[in-house]
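Here's the structure we're looking at; comments come further down.
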Amino acid sequence: MLGLRHASSCRRAALAALLALALSACAQSEVAVSPFSEPTRADASALGKEPELLVVTTRKPVGPRQPFFGSDRGSLTFAEARLAPPADGISGRVSSAVSGDWAVLGLDSQTSADAGRAFAQAATGRDVLLYVHGYNETFESAARSAGQLSHSLEFQGRTAIFSWPSGGKLFDYAYDRESALWSRDGFVKALQALVANPTVGRIHIVAHSMGTFLTLEGLRDSADVYSRIGSVVLASPDIDIDAFEQTVGKLGPLARRMTLIIDPGDRALAISARIAGGVARAGAADRSRLEALGVRVADPSGRGWSMLRHDLFLSDSEVTQVVRRAMDRGKGA
């Protein structure tokens with residue numbers, strides 16, 4: 001009996017290691033946008049013209065220099081991050097995709113005093129794109145992805161990131177999941193602050209992988225913000241399909257403004273499902289089962305260059321446009 005328990009423990013440990021290695025692509029090999037999906041003009045997005053990213057985070061600040069925010073949990077903090085946009089031209093964009101594309105130069109206006117209100121004031125008079133990152137992300141890697149996504153979408157409002165305290169390490173999957181859940185209250189405060197500012201326009205949320213778990217947990221009991229949300233895009237959601245159905249069933253009309261980007265061939269989610277005892281993840285579930293919930297579903301099977309197929313919303317231009325079309329629909333919601 002002891003030998004059987006030991007063997008079972010070893011199998012779980014091996015699966016956990018495989019999951020960590022697979023999902024590490026969220027912040028490593030698949031983080032850069034394909035150089036051919038970037039706009040040809042540096043000023044195509046508002047972020048290209050004014051490269052300042054709004055940051056609301058539950059990470060503990062570590063100082064005025066890199067890495068700016070660490071993996072420890074802290075009080076809700078607002079800051080503005082100065083970004084370096086990608087280089088112009090095909091050769092510059094190829095180089096920037098290899099090196100990580102956008103870069104974080106520094107932080108301005110950092111405050112933990114009434115951070116939600118400071119965040120909302122910075123977004124005054126504009127639509128907001130709020131990006132929620134996934135597992136194994138540092139603050140900087142997540143900020144780069146937010147910049148890449150906003151620029152590829154040619155978004156004309158204010159771009160923001162909700163950065164929760166991911167450990168940023170291969171074997172921190174359990175810590176990351178607990179940190180994502182712990183950050184739910186901070187996420188809700190940030191959304192409620194935006195809604196409390198009557199001049200803020202539509203709020204578009206794009207969440208990836210484990211960030212979708214945090215996003216749905218936050219939205220589930222926040223019906224007071226639904227009227228101002230234009231669209232919710234969940235890319236490769238790493239959520240138990242049964243739990244996903246239960247949560248979406250509580251969102252009412254907001255579910256009709258939700259778009260899922262799924263892929264049955266997502267290798268990272270396949271390993272996550274094995275860890276969970278064989279329960280499918282929403283990001284690799286049967287399309288008809290998801291559509292029965294009233295959400296829109298995009299399945300990019302067969303597209304993209306990605307080995308793990310876990311970051312196609314960033315790495316494939318056609319999949320990125322799924323996000324853009326969802327946001328366009330949400331403008332009149």
Side-chain angles (χ1 to χ4, degrees), residues 26-27 29-56 68 79-108 122-123 126-134 137-163 201-208 211 230-231 233 235-236 259 261 300 303-306 311-328 330-331:
C26 295
S29 63
E30 296 185 74
V31 71
V33 171
S34 162
F36 305 107
S37 67
E38 288 284 353
T40 56
R41 301 191 333 273
D43 63 348
S45 67
L47 199 62
K49 290 176 281 190
E50 184 184 359
E52 288 192 344
L53 177 71
L54 304 184
V55 176
V56 59
F68 307 112
E80 292 187 80
R82 286 176 282 111
L83 304 182
D88 293 333
I90 292 295
S91 61
R93 284 184 277 132
V94 170
S95 175
S96 65
V98 171
S99 63
D101 214 340
W102 292 71
V104 181
L105 299 180
L107 298 181
D108 296 321
R126 308 284 289 278
D127 286 351
V128 176
L129 169 62
L130 180 61
Y131 177 64
V132 186
H133 62 79
E137 292 269 18
T138 65
F139 164 70
E140 290 185 85
S141 69
R144 289 196 301 267
S145 292
Q148 291 166 348
L149 177 64
S150 178
H151 195 52
S152 293
L153 293 171
E154 301 185 18
F155 184 64
Q156 297 304 314
R158 290 306 303 263
T159 300
I161 181 173
F162 184 88
S163 186
R202 289 294 179 190
I203 304 164
H204 303 282
I205 303 172
V206 179
H208 179 228
S231 60
V233 179
S236 305
T259 299
I261 300 176
R303 290 200 56 84
W305 52 268
S306 165
D311 258 339
L312 291 178
F313 79 110
L314 283 176
S315 64
D316 185 271
S317 59
E318 289 298 318
V319 184
T320 302
Q321 293 313 305
V322 170
V323 182
R324 184 170 184 173
R325 289 191 291 272
M327 292 169 60
D328 287 343
K331 289 177 182 178

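Residue F313 forms a side chain to side chain contact (heavy atoms under 4.5 Å, CB included) with just one option from V322, V233, L149, and that option is L149.
R126 places a side-chain N or O within donor-acceptor distance of the main-chain N or O of Q156, the cut-off being under 3.5 Å. Remark: side-chain polar atoms of S141 are paired, donor with acceptor, to backbone N or O of T138 under 3.5 angstrom. Not a single donor-acceptor pair under 3.5 Å links the side chain of R82 to the backbone N or O of D108. The main-chain N or O of S163 is never found under 3.5 Å from a side-chain atom of E137 such that the two would form a donor-acceptor pair.
With contacts defined as side-chain heavy-atom distances shorter than 4.5 Å, the pair F155/H204 qualifies. With contacts defined as side-chain heavy-atom distances shorter than 4.5 Å, the pair L83/L105 does not qualify. Between V323 and I261 there is a side-chain heavy-atom pair separated by less than 4.5 Å. Inter-residue side-chain proximity for H151 and L47 is flagged as unmet; no heavy-atom pair is nearer than 4.5 Å. At a threshold of 4.5 Å between non-hydrogen side-chain atoms, the residues H208 and L314 do not count as touching.
To the nearest 0.5 Å, atom OG of residue S45 and atom CD of residue E50 are 11.0 Å apart. Note that CG of L153 is 7.0 Å distant from CD of Q321, once rounded to the nearest 0.5 Å.
Residues E318 and R325 share a closest heavy-atom pair of O-NH2, 4.4 Å. Listed here is the closest heavy atom pair of S231 and A326: CB-O, 3.5 Å. Taking every heavy atom of both residues into account, L130 and F162 meet most closely at CD1-N, 3.7 Å. Heavy atoms only, all atoms of each residue included: V132 and G211 are closest at CG1-O, 3.7 Å.
No donor-acceptor contact under 3.5 angstrom links the side chains of T320 and S317, judged on distance only. Looking only at atom types and distance, the side chain of H133 has no donor-acceptor partner in the side chain of S145 under 3.5 Å away.
Partners of A146 under the side chain to side chain contact (heavy atoms under 4.5 Å, CB included) rule, at least two apart in sequence or in another chain, are L53, Y131, I161.
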